[in-house]
Every structure is written in C-alpha cells, then in structure tokens.
Amino acid sequence: MIKDWTKNEILEVYNTPLLELVTKSNEVHKQFHKIGEVQISSLLSIKTGGCTEDCAYCPQAARYHTDVKVHKLMDVEEVNKCAESAIQTGASRMCLGAAWREVRDNRDFDKVLDMVKSINAKGLEVCATLGMVTEEQAQKLASAGLYAYNHNLDTSEENYGNIITTRTYDDRLSTIKNARKAGLTICSGGIIGMGESVDDRIGMLHVLSQLKPVPESLPINALIPTEGTPLENQPPVPIWDMVRMIATTRIVMPTTAVRLSAGRLNMSMEGQALCFLAGANSIFAGEKLLTSPNPKLNEDMEMFSILGLSPKKAFSDKLQESN
Ligand code: SAM
Ligand code: DTB
Ligand code: SF4
C-alpha cells in the first residue's frame, strides 16, 4: 500500500537532521532500487528560444534578453545523429525539449512524431517536453512510441504566480492528466533556488505525491540563474537543500526515479555523491542541458568510475514490474 502523505508529514521528513535523513532515504532507496545504478539521460533542444511564455527562470522566453539563439525545429536526421551519439555515452533515455507554450497540430508536430519513432527504434526510452498537450496529441505521441512526457509543476501552487503568469497551475495539471490518460509515463518535478520558501518546496512535493499514480520520474533542478531573466541574481542553491529535497522525494515516492537535473556544474563530486546516497538515480549527461552548460562528459565518466556507479539500462523498471 502506498502511503498518503500530508504536507506536515513531508515537512517533518524534510526537517530531519541531515545525516539521519540521508540514512533513512538510503534505506528506502536500497529497498526499491539498485544502489549505484544511475540512469544517464541525454537532453536535446529540438526547438530553441523565442518562447511566448514568461517563466521567470527560463533563458528561452522571448521577452527576456538572454544569449540564447533562436533555432527552428531541427531535422529528423540531425536528431537521429544526436541519439546515436547519446547511445555511445551510455545514455538509455533521451529527452526532446521544445520551447513551445503548447503543441499545435501542424507539420512540426508530425516531425516530432517521426523523431520519437526513430529514437524509440534505437532502443532508447524517449521522453518529450513540448509544453501543454491535449489527450489526442498525447495519444499520437504514445502511438509513435513515446515513453514519458515531461511537464514540471516547477513550484507550489501558491508560489506559481510569482514565477509564471502566462498559464496556470491547473493548466499544468491538465496536461499531466492528458499524458497519463494516453498511457504515457509521467516525468514531473521542479526547480529549487527561485526564492521559494521551504513550504513551497513541500507543497510541490505534496501535489506530486497526490497524483495517482505518482510520477514515474521526478526531476529536481537547481536554478541556473541566467543573465537577462528576472531570476538572474538568485544566489546559488546550497547543496544541502538539494540533498534534503532528493532525500525527501525518495522517502515520499519510493519507486519514482529521482533525477539530479539542472545545476550540477556548481556541485562538487562529493555533493553529487551525497545526492546519489540520498536516492537520486539519474542525471542528465552531455555538455549542454537544453541551452545551459553541464559538466563535461569525461568528468561525469570519471565520477561514475570513482563512485562505482553503473549506467541503468532502458526500460528496466518496466521489466522489473512485469516479473
Ligand atoms: N516549454 C516546455 C515547458 O515549459 O514545459 C518544455 C521545456 S522547459 C525548458 C522544461 C523545464 O526546464 C522547465 O519546466 C524547468 O523546470 C526547467 N528549466 C528551465 N530553465 C531552467 C533554469 N534556468 N534552471 C533550472 N531549470 C530550468
Ligand atoms: C527538467 O526538469 N530539467 C531539464 C529537462 N527537465 C527538460 C531541463 C533543464 C533546463 C535547464 C536550462 C537550460 O538548459 O535551458
Ligand atoms: Fe517557454 Fe518552457 Fe521556457 Fe516556459 S519553460 S519560457 S514554456 S520554454
């Protein structure tokens, strides 16, 4: 039986003395996951910049003057080449990101469906993050072989309006529902370091834990403050906050893949090791996230070797479930 967590219970977990918290989350992690197995996911921005939305953290919003260069939707062939290189790095999942408010039923969407088909045929778990989707669009993505849909809540419902005004929290939840109805697995998480309170972090985890079923995948991003965005001057996220957030997520959602996502460039190997101990079991590898820099591939390989991590194979959760 999966426990129904109250906000107060989640807060209590979050506030546990750090080493006790990590010990507890590691026990949960050991029960549901293979220690040291970390999925390598590759990110690709298939359509970059020029986005109509006002997400205060985002380098791709057209209204902020950032260094990001607008790029129209990539060609399927080019995307295929990127998928091949991702496989060479040990990636078992690939996430395609588009700077769209929502998916429109047009030739670009047909192209994305072709991308999904061909990457899926290479044996990778394919994830997409394309903004809002209807149930019909989600169905088309599922039929093309999409494995997961990423749509982050980003923060609590209460704080949402301070970060994004061009769409609502309910819009986010509807897209998640649409993707779920189409049979896709859900990847949904958020960002810390945007000036939110601990209550906001807990509020977001609480909403995610109330989704039935809970998201199979949950990215925790540390804000990458980007020049030109309203959040450009935010101070860096303390590693301890990242560890607490990951450990709390692991305890509250034991079977979910917790992704140590944006912001690793500012984290030491020791800091990341603590995140893996606390229950993180995936990273985005490759020198670029969508538009921002990420650790060099050889540095990540060195980290895998030093920490004795092994890359997780594609679809292995599904295999475990069906056994
Ligand atoms: N446009 C789509 C959407 O908003 O759903 C998909 C792409 S969007 C860039 C995907 C996610 O990246 C956001 O929800 C946010 O959580 C994360 N993100 C964007 N900019 C970030 C930043 N500067 N630091 C950390 N995470 C960021
Ligand atoms: C997620 O939660 N983080 C990834 C992925 N899902 C799409 C994106 C991080 C983006 C960081 C900023 C950038 O590179 O533009
Ligand atoms: Fe657009 Fe997505 Fe960036 Fe928001 S997070 S501005 S919707 S690309």
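Source: prediction; values computed, not measured.
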Verdict with reasoning, Leu73 to Val112, per side chain to side chain contact (heavy atoms under 4.5 Å, CB included): CA-CA 9 Å; Leu73 189 68; Val112 173; 4.2 Å; yes
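- Cation-pi geometry between Lys3 and Trp5 is satisfied (NZ or CZ under 6.0 Å from the ring centre, within 45° of the ring normal).
- Around CD of Glu302, the count of heavy atoms belonging to other residues, nucleotides or ligands within 6.0 Å does not exceed 12.
- From Lys212, atom NZ reaches atom CZ of Arg180 across 12.0 Å, with rounding to the nearest 0.5 Å.
- Looking only at atom types and distance, the side chain of Thr226 has no donor-acceptor partner in the side chain of Thr229 under 3.5 Å away.
- Few gaps surround CG on Asn106; more than 12 heavy atoms of other groups in view lie less than 6.0 Å from it.
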Intermediate values then yes/no, side chain to side chain contact (heavy atoms under 4.5 Å, CB included), Glu157 and Arg172: CA-CA 10 Å; Glu157 183 163 17; Arg172 293 303 269 182; over 6 Å; no
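- Nearest heavy atom pair, residue Thr129 against residue Cys95, reads CG2-SG, 3.9 Å.
- Open room surrounds CD on Glu12; 12 or fewer heavy atoms of other groups in view lie less than 6.0 Å from it.
- Proximity of a side-chain donor or acceptor of Ser25 to a complementary backbone N or O of Arg250 within less than 3.5 Å is not detected.
- Ring geometry for Tyr149 versus His151: interplanar angle of 30 to 60°, hence tilted.
- With hydrogens and angles disregarded, a donor-acceptor distance shorter than 3.5 Å links the side chain of Thr23 to the backbone of Leu19.
- Ion pairing between Lys312 and Glu37 fails under the 4.0 Å rule for side-chain N and carboxylate O.
- Across all non-hydrogen atoms, the minimal contact from Val79 to Met94 is O-CE, 4.4 Å.
- Rounded to the nearest 0.5 Å, atoms CH2 (Trp100) and CD (Gln60) are 12.0 Å apart.
- Arg264 and Asp300 are joined by a salt bridge, as a carboxylate oxygen and a charged side-chain nitrogen come within less than 4.0 angstrom of each other.
- Looking only at distances, no side-chain donor or acceptor of Thr256 sits under 3.5 Å from a matching main-chain atom of Pro254.
- A donor-acceptor pair under 3.5 Å is formed between the side chain of Lys47 and the backbone N or O of Ala99.
- When all heavy atoms are compared, the tightest approach of Thr166 to Arg101 is O-NH1, 2.7 Å.
- No hydrogens or angles considered: nothing links the side chains of Thr155 and Glu196 as a donor-acceptor pair under 3.5 Å.
- The pair Lys72-Asp108 does not count as a salt bridge, with every side-chain nitrogen at least 4.0 angstrom from each carboxylate oxygen.
- Between the CG atom of Asp54 and the OG1 atom of Thr165 there is a distance of 3.5 Å, given to the nearest 0.5 Å.
- In terms of modelled atom types and a separation under 3.5 Å, the side chain of Ser282 and the main chain of Gln39 share a donor-acceptor contact.
- Counting heavy atoms of neighbouring residues, nucleotides and ligands inside a 6.0 Å radius, atom CD of Glu77 does not exceed 12 of them.
- Under a 3.5 Å cut-off, the side chain of Asn294 and the backbone N or O of Gly286 do form a donor-acceptor pair.
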Leu260/Asn281 under side chain to side chain contact (heavy atoms under 4.5 Å, CB included): CA gap, chis, key distance, verdict: CA-CA 7 Å; Leu260 170 57; Asn281 53 351; over 6 Å; no
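- Within 6.0 Å of the CD1 atom in Ile306, the count of heavy atoms belonging to other residues, nucleotides or ligands exceeds 12.
- Across Leu146 and Ala148, no two heavy atoms sit closer than the pair CD2-O, 3.2 Å.
- A donor-acceptor pair under 3.5 Å is formed between the side chain of Glu216 and the backbone N or O of Ile186.
- The OH atom of Tyr64 sits 10.0 Å away from atom SG of Cys51, with the distance rounded to the nearest 0.5 Å.
- A side-chain donor from one of Thr168 and Asp171 sits under 3.5 Å from a side-chain acceptor of the other.
- Between Val22 and Leu274 the shortest heavy-atom distance is CG1-CD2, 4.5 Å.
- Salt bridge Lys177/Asp170: absent, no basic N to carboxylate O contact under 4.0 Å.
- Checked for salt-bridge contact, Lys140 and Glu136 miss the test: no charged N lies under 4.0 Å from a carboxylate O.
- Surrounding NZ of Lys122 are more than 12 heavy atoms belonging to other residues, nucleotides or ligands, all under 6.0 Å away.
- The closest side-chain donor-acceptor pair between Arg201 and Ser156, if any, does not fall under 3.5 angstrom.
- Between the side chains of Gln137 and Arg104, not a single donor N or O lies within less than 3.5 Å of an accepting N or O.
- What you find for Asn178 and Ala138 is that their closest heavy atoms are O-CB, 3.7 Å.
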Side chain to side chain contact (heavy atoms under 4.5 Å, CB included) assessment of Phe276 paired with Ile283: CA-CA 10 Å; Phe276 296 128; Ile283 56 164; 3.8 Å; yes
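- A donor-acceptor pair under 3.5 Å is absent between the side-chain atoms of Asn221 and the main chain of Ile191, judged by distance alone.
- If you take CG on Leu11 and OG1 on Thr248, they are separated by 9.0 Å, rounding to the nearest 0.5 Å.
- Grouped by direct or indirect side-chain proximity (heavy atoms under 4.5 Å, Ile/Leu/Val/Met/Phe/Trp/Tyr only), Leu290 sits with Leu43, Ile224, Phe284, Leu289.
- Distance check, rounded to the nearest 0.5 Å: CG of Asp154 to CD1 of Ile164 gives 5.0 Å.
- Atom CD of Glu84 sits in a crowded spot, with more than 12 heavy atoms from other residues, nucleotides or ligands closer than 6.0 Å.
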